[in-house]
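Written out below as structure tokens is the structure these notes cover.
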Protein chains: 2
Amino acid sequence: MPKNIRKLKGLDVNEAVNALGALAQASRLAVFKLLITKGKTGLAAGLIVDYLQQPKATISFHLKELSNAGLIISRREGRSIIYCVNYEKMQQLMNYLLENCCSDNGGKC
Amino acid sequence: MPKNIRKLKGLDVNEAVNALGALAQASRLAVFKLLITKGKTGLAAGLIVDYLQQPKATISFHLKELSNAGLIISRREGRSIIYCVNYEKMQQLMNYLLENCCSDNGGKC
DNA sequence: TCGATATTTCCAATATTATCGAAATATTAA
DNA sequence: TTAATATTTCGATAATATTGGAAATATCGA
């Protein structure tokens with residue numbers, strides 16, 4: 001089955017809560033929004049520290065949270081760890097939030 | 001200016017964090033998803049308690065959180081308070097999360 | 001006005017999360 | 001193999017959030 005037409009797997013409630021919780025914090029949302037601008041190219045952890053001007057331990061903690069939630073993905077390139085947004089997960093999250101929209105209500109949204 | 005073509009006002013970072021935080025909790029996400037199915041008709045607080053089988057103080061606390069975040073709206077009807085999703089806010093939140101997507105990256109998402 | 005119904009507020013116990021310096025780990029280049 | 005660079009883990013502290021019983025508030029119908 002070609003990747004680009006495979007059906008999006010839905011999230012379960014825990015995955016959705018974890019993803020939302022990961023985004024529900026100012027520092028992490030800043031990391032996420034920075035990475036959103038970078039597309040699949042991503043950004044090294046150290047550069048994220050430079051952009052956001054927070055201690056590396058703090059950024060590392062937040063990167064791990066976003067990673068655990070599945071919202072970002074990392075790869076090593078030499079000494080650096082490059083992070084980028086998991087756009088598929090993001091899509092799944094949005095689908096989760098709006099699924100069954102108005103299903104009990106004849107489409108009145 | 002007609003309502004249905006007015007430009008969506010963007011959220012600021014605090015509004016986005018508050019909205020995400022409101023959704024990032026299993027009981028509240030359950031409330032929100034229940035309301036999503038009900039459209040503009042909404043659901044009375046007491047019925048939400050019946051659906052979700054949690055104490056009324058707990059549900060009331062979560063309804064207030066969702067309300068404060070702007071994600072749901074309430075109106076009184078007789079003795080009941082009816083809650084329903086603020087779909088416009090939801091749209092704004094999704095726009096916020098994905099705005100400037102790949103802007104630094106030649107569109108590679 | 002009074003009793004019944006609907007919802008919220010108060011409060012205190014419990015649990016979870018954020019912060020960041022210092023130390024540890026991993027990779028590379030010389 | 002050693003020094004330099006990149007990132008994570010540890011650990012202690014501080015701040016914030018969740019829960020639900022009991023009491024308070026608001027509305028309605030008789």
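The sequence lines fix the lettering, A, B, ..., with proteins before strands; numbering per chain opens at 1.
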Fill in: Approximate separation, where rounding is to 0.5 Å, of B:His62 NE2 and B:Leu29 CG
11.5 Å
Worksheet item: Between B:Asn18 (CG) and D:dT16 (P), how many Å, whole number?
Response: 13 Å
Discussion item. In whole Å, I'd like the distance from the CG atom of B:Leu20 to the P atom of D:dA17.
Written reply: 14 Å
Worksheet item: Of the candidate nucleotides C:dT19, D:dT7, C:dT8, which contains the atom at the shortest distance from the side chain of A:Phe61?
Response: C:dT19
Worksheet item: Over how many whole Å does the gap from B:Leu29 atom CG to D:dT18 atom P extend?
Response: 13 Å
Worksheet item: Does B:Lys33 make a cation-pi contact with A:Tyr96, if we ask for NZ or CZ under 6.0 Å from the ring centre and within 45° of the axis?
Response: yes
Worksheet item: Would one find a side-chain N or O of B:Gln25 under 4.0 angstrom from OP1 or OP2 of C:dT16?
Response: no
Fill in: Separation between CG of B:Leu43 and CD1 of B:Ile48, rounded to the nearest 0.5 Å
5.0 Å
Worksheet entry | Test salt bridge (Lys or Arg N to Asp or Glu O under 4.0 Å) applied to B:Glu88 and B:Lys9, step by step | CA-CA 10 Å; B:Glu88 186 182 23; B:Lys9 184 204 56 158; over 6 Å; no
Worksheet item: Over how many whole Å does the gap from A:Leu66 atom CG to D:dT8 atom C1' extend?
Response: 15 Å
Response to the item:
Distance col, row A:Leu66:CG vs A:Arg28:CZ, nearest 0.5 angstrom, shows 6.0 Å
Fill in: Listed nucleotide nearest any side-chain atom of B:Pro55, set C:dA18, C:dT7, D:dG21
D:dG21
Worksheet item: Below 4.0 angstrom from OP1 or OP2 of C:dT7, is there any side-chain N or O of B:Ser80?
Response: yes
Worksheet item: Is the phosphate of C:dT19, meaning OP1 or OP2, less than 4.0 Å from a side-chain N or O of A:His62?
Response: yes
Item to complete: Would you indicate what B:Ser60 reaches in the nucleic acid, counting non-hydrogen atoms under 4.0 angstrom: base, sugar-phosphate, or nothing?
Response: base
Discussion item. Does B:Thr58 reach a base, just sugar-phosphate, or nothing at all? Heavy atoms under 4.0 Å.
Written reply: base
Item to complete: Please determine, for the side chain of A:Arg79, which listed nucleotide (D:dA4, C:dG21, C:dT19) has the closest atom?
Response: D:dA4
Worksheet item: Closer to the 5' end of DNA chain C via nearest nucleotide, is it B:Ile59 or A:Lys56?
Response: B:Ile59
Worksheet item: Over how many whole Å does the gap from B:Glu77 atom CD to D:dC28 atom P extend?
Response: 11 Å
Item to complete: Could you tell me the separation between the NZ atom of B:Lys64 and the P atom of C:dC11, rounded to a whole number of Å?
Response: 13 Å
Fill in: Nucleotide D:dT27, atom C1' - distance to CD1 of B:Ile81 in whole Å
9 Å
Item to complete: Please state whether the phosphate of D:dT8, meaning OP1 or OP2, lies under 4.0 angstrom from any side-chain nitrogen or oxygen of A:Tyr83.
Response: yes
Item to complete: From the options C:dA18, C:dT7, C:dT27, select the nucleotide whose nearest atom is closest to the side chain of B:Ala45.
Response: C:dT7
Worksheet entry | Protein-nucleotide distance (A:Arg76, atom CZ; D:dT8, atom P), rounded to Å | 9 Å
Discussion item. So A:Ala57, base contact, sugar-phosphate only, or nothing? Heavy-atom distance under 4.0 Å.
Written reply: base
Worksheet item: Does the side chain of B:Arg28 get closer than 4.0 angstrom to OP1 or OP2 of D:dA17 through an N or O atom?
Response: no
Worksheet item: When rounded to the nearest 0.5 angstrom, what is the spacing between CD1 in B:Ile72 and CD1 in B:Ile82?
Response: 12.0 Å
